[in-house]
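Each residue takes its place number in the sequence, starting with 1. This one's a predicted model, so the numbers in the text were calculated from it and none came from an experiment.
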Amino acid sequence: KIDDGWMDICILSPFPKPLAPLIGIRLFSGTLPHSRYVHTFRVKAAKISASHHLLIHFDGEPLPLDTHELHFSIQPRSLKVLV
């Protein structure tokens, strides 16, 4: 739910390469959370840490960062939309 104040985190563990097509099918069929390689949980805030500088995708473009950590948090009801 987009306005519930929670962020859904999905971590995909390393899996055998021959299973890549199956993982893709599960992603698009909505059954990915049932895979033993997927762990999901809900949080209000999260921190991603790495031993090297992070590389993210921003608006579909790769973007190298000069940091080893990213912090995310939910700002409930902070976006006003006029329809």
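Under the ring-ring contact (aromatic ring centres under 6.0 Å, His included) criterion, the residue pairs touching residues 64-83 are H53-H68, with sequence neighbours excluded.
Here the OG1-CG distance, from T31 to L22, works out to 7.5 Å after rounding to the nearest 0.5 Å. H39 NE2 to I9 CD1: the interatomic distance, rounded to the nearest 0.5 Å, is 14.0 Å. With rounding to the nearest 0.5 angstrom, the NE2 atom of H34 is 7.5 Å from the CZ atom of R26. Between the CD1 atom of I23 and the NZ atom of K17 there is a distance of 14.0 Å, given to the nearest 0.5 Å.
Among all heavy-atom pairs drawn from L55 and P64, the shortest one is CD1-N, 3.6 Å. Considering all non-hydrogen atoms of both residues, G5 and I74 come closest at O-CG2, 3.4 Å. Of all heavy-atom pairs between F58 and L63, the closest is CB-CD2, 4.1 Å.
Side-chain contact check for Y37 versus L19: some heavy-atom pair is nearer than 4.5 Å. Looking only at side-chain heavy atoms (C-beta outward), T40 and D8 stay at 4.5 Å or farther from each other.
Residues I25 and F28 do not share a hydrophobic cluster, clusters being chains of Ile/Leu/Val/Met/Phe/Trp/Tyr side chains in contact below 4.5 Å. Follow the hydrophobic side-chain contacts under 4.5 Å out from V38 and you never reach W6; the two are in separate clusters. Cluster annotation: M7 and I48 are assigned to the same hydrophobic cluster (Ile/Leu/Val/Met/Phe/Trp/Tyr, side-chain heavy-atom contacts under 4.5 Å, transitive).
Partners of D4 by salt bridge (Lys or Arg N to Asp or Glu O under 4.0 Å), not counting sequence neighbours, listed by chain and number: R42.
Summarising the hydrophobic clusters (Ile, Leu, Val, Met, Phe, Trp, Tyr; side-chain heavy atoms under 4.5 Å, direct or chained), the residues clustered with L79 are V81, V83.
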